[in-house]
Amino acid sequence: MDAATLWQRYQDWLYYHEGLGLYLDVSRMGFDDAEVEALNPKFVKAFEEMAALEAGAIANPDENRMVGHYWLRDPDLAPTPEIQKEITETLDKIETFVQKVRIGTVHPPKAQKFTDILSIGIGGSALGPQFVAQALAPDNPPLDIHFIDNSDPAGIDRTLAGLGDRLASTLVFVISKSGGTPETRNGMVEVQKVFVDRGLDFAKQAVAITGVDSKLDNLAKSEGWLTTFPMADWVGGRTSELSAVGLPAAALQGIDIRAMLAGAKEMDEATRVRELKNNPAALLALAWYYAGNGKGDKDMVVLPYKDSLLLFSRYLQQLVMESLGKEKDLDGNVVNQGIAVYGNKGSTDQHAYVQQLREGVPNFFMTFIEVLEDRNGHSPEIEPGATSGDYLSGFLQGTRTALYENQRDSLTLTIPQVNPRTVGAMVALYERAVGLYASLVNINAYHQPGVEAGKKAAAAILELQTQVMEVLKSASEPLSLADLAKAAGRREDVEAIYKIVRHLHANQRGMTLTGNLGKPATIEVSMT
Ligand SMILES: O=P(O)(O)OC[C@H]1O[C@](O)(CO)[C@@H](O)[C@@H]1O
């Protein structure tokens, strides 16, 4: 395509949202008009399904749930007065609590004010708050946030070491929709133990954010925690940033949560437009569909050219991959759908893997995220006429051109500034794009059956460990792995047993292994 035709294509396809100052450029995706035309019926269906979902249809049939994250930023759209009330009351409750923490009416037993937040949660109960903290927290937030988002003992130690004595003035959020996620429970129990060791009262510093009547909800209520915020059944973990999951921590860090909600609402309105070219979420869905042939054949590389948006790709990884990565379509056919998402930030990644993107296997499409405002305030010139921000902007354009020259597709999302409104809008934009794309490829975006298999297998390993320990404690002499498996009645699990005893041995858990550790058949195991 010559330069003039390309410039025309750019103008023809450029989407601009005036209120948000947001642009979406899909001109460097290689689709032609006929391909777009062919997809039209699918989009008509997708828009209809989306409207039904927003009106309260059961969009998640196997879990019998509605999907209502859109109502969070426009409660008037909620399908029942009860849900409207639930949304506004929760928001009021959050704001009242945040205000009390700010002025010190709610404070820790041993300090006048809370200084820090420790947020314990995983997946959708961590990724949104992490992304938003990185994107929007001021340099010196009123409360500094820290995360435990794993069952990694060393990771927990590191977070607690970072807090040090400030644990006494730390507000602990335990966030779990189900209230039963093991990683979150483990983090909570470890933190509770540290509170006890230091003579602190956990309940007086803890808040639960969870489904009503969940295990965690009941625990918090029975132990008299500071408060609880409800997670609605109709909000999925990966679309929960603008619910009680993300808002309390954001507000406590001094982030304008009403502006985040307003930005999301504006974007929701823009993405309800049933006209492909005038709907940025539909344009994204079109680009994804075209790039991956409707089968996810190409990975989505997300490259924000702004450090504060570093965690956006990680946040999107769950939103996109947990929503779209499905074995079966809605008619029960095996389709193995999904789109892989990765990325960090530009221009940093240009010095890492962009080499492969330009010249190597063409199995991706790029999403550039551009922020027009370089920094708050004046930029010094690095050399006559050029600032660091000019360089960053140049690197983005340069990489986009270099990829295009080698037939690598890209799209570019441009926002004026990273602020609560634009971040809310970006969250809403991708939520809607995922929903529309799911309709295009006929899958349920709102469940995650595949995660259960791994969870069940992990629980089975913990049960096996208990069994193995019991056998070893009552054994009169060291046992070979084969004998141990036989005695436990689990011959077929000898490899898992080997891994269990090796792990216990490495952690001073009373396990003795003799023999050649690299040759499992020679190992004898005993336990004190
Ligand atoms: O908030 P919960 O119930 O602890 O779940 C955490 C995460 O685990 C998942 O259920 C998948 O394992 C995610 O969908 C969810 O965001």
Side-chain angles (χ1 to χ4, degrees), residues 59-60 62-69 72 90 118-132 147-152 155-156 172-191 206-220 225 228-249 311-327 337-339 341 427 430-431 434-435 438 443-462:
N60 194 350
D62 53 347
E63 292 177 4
N64 196 27
R65 282 198 297 114
M66 294 188 286
V67 175
H69 45 272
L72 294 167
T90 303
L118 174 56
S119 186
I120 307 174
I122 195 166
S125 294
L127 290 161
Q130 287 168 331
F131 161 53
V132 165
F147 292 94
I148 291 178
D149 66 354
N150 198 358
S151 189
D152 173 15
I156 294 172
V172 183
F173 284 160
V174 184
I175 310 180
S176 173
K177 180 177 175 183
S178 60
T181 301
E183 291 92 333
T184 304
R185 191 268 327 265
N186 296 355
M188 176 190 77
V189 171
E190 288 230 10
V191 171
V207 171
I209 299 169
T210 185
V212 175
D213 260 351
S214 73
K215 218 164 146 183
L216 174 60
D217 192 37
N218 295 330
L219 177 80
W225 292 18
T228 59
F229 294 116
M231 270 187 85
D233 164 61
W234 38 265
V235 177
R238 52 190 173 273
T239 52
S240 66
E241 171 47 30
L242 297 175
S243 75
V245 168
L247 297 180
L311 295 182
F312 192 51
S313 53
R314 201 159 150 201
Y315 167 80
L316 287 183
Q317 234 164 23
Q318 185 200 23
L319 177 63
V320 174
M321 297 176 75
E322 202 168 54
S323 301
L324 302 180
K326 299 293 154 69
E327 181 178 34
Q337 274 289 356
I339 302 178
V341 180
V427 166
Y430 276 84
E431 283 175 353
V434 164
I443 55 148
N444 178 358
Y446 306 104
H447 65 172
Q448 51 285 331
V451 183
E452 293 311 312
K455 283 186 188 168
K456 279 194 193 130
I461 294 289
L462 268 301

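This structure is a prediction, so every number in the text was calculated from the model and none was measured. Counting starts at 1 for both ligands and their atoms, following the listed order. Counting from 1, the numbers follow the sequence of the chain as shown.
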* Any donor and acceptor pair, going by atom type alone, linking the side chain of Lys177 with main-chain N or O of Val245 inside 3.5 Å? -> no

* **Nearest non-hydrogen protein atom, atom 16 (O) of ligand 1** => Gly124 N, 2.7 Å

* Any donor and acceptor pair, going by atom type alone, linking the side chain of Lys326 with main-chain N or O of Asn444 inside 3.5 Å? -> yes

* Identity and distance of the protein heavy atom lying nearest atom 10 (O) of ligand 1 -> Lys455 NZ, 3.7 Å

* Could you list the atoms of ligand 1 found under 4.0 angstrom from a heavy atom of Ser125? => 1 (O)

* Asked: At what distance is the nearest protein heavy atom to atom 5 (O) of ligand 1, and which residue and atom is it?
  -> Thr181 OG1, 3.6 Å

* Verify, without hydrogens or angle tests, whether Gln317 (side chain) and Val341 (backbone) share a donor-acceptor contact under 3.5 angstrom. => yes

* Return the residue, atom name and 0.1 Å-rounded distance of the protein heavy atom closest to atom 12 (O) of ligand 1. => Val451 CG1, 2.9 Å

* To do: Looking only at non-hydrogen atoms, find the nearest pair between Thr184 and Ile175 and report the distance.
  => CG2-O, 3.7 Å

* May I ask you to decide if Ser243's main-chain N or O and Ser240's side chain share a donor-acceptor pair within less than 3.5 Å? => no

* Asked: Going by distance only, is there an N or O of Ile122 that falls short of 3.5 Å from an N or O of ligand 1?
  -> no

* Asked: Tyr430 vs Phe312 aromatic rings, parallel, tilted or perpendicular, using cut-offs 30° and 60°?
  -> perpendicular

* Structure fact -> If you compare Arg185, Glu322, Glu452, Met231 by their heavy atoms, the one closest to atom 9 (C) of ligand 1 turns out to be Glu322

* Asked: Looking at ligand 1, does any of its N/O atoms fall within less than 3.5 Å of an N/O of Lys177?
  -> yes

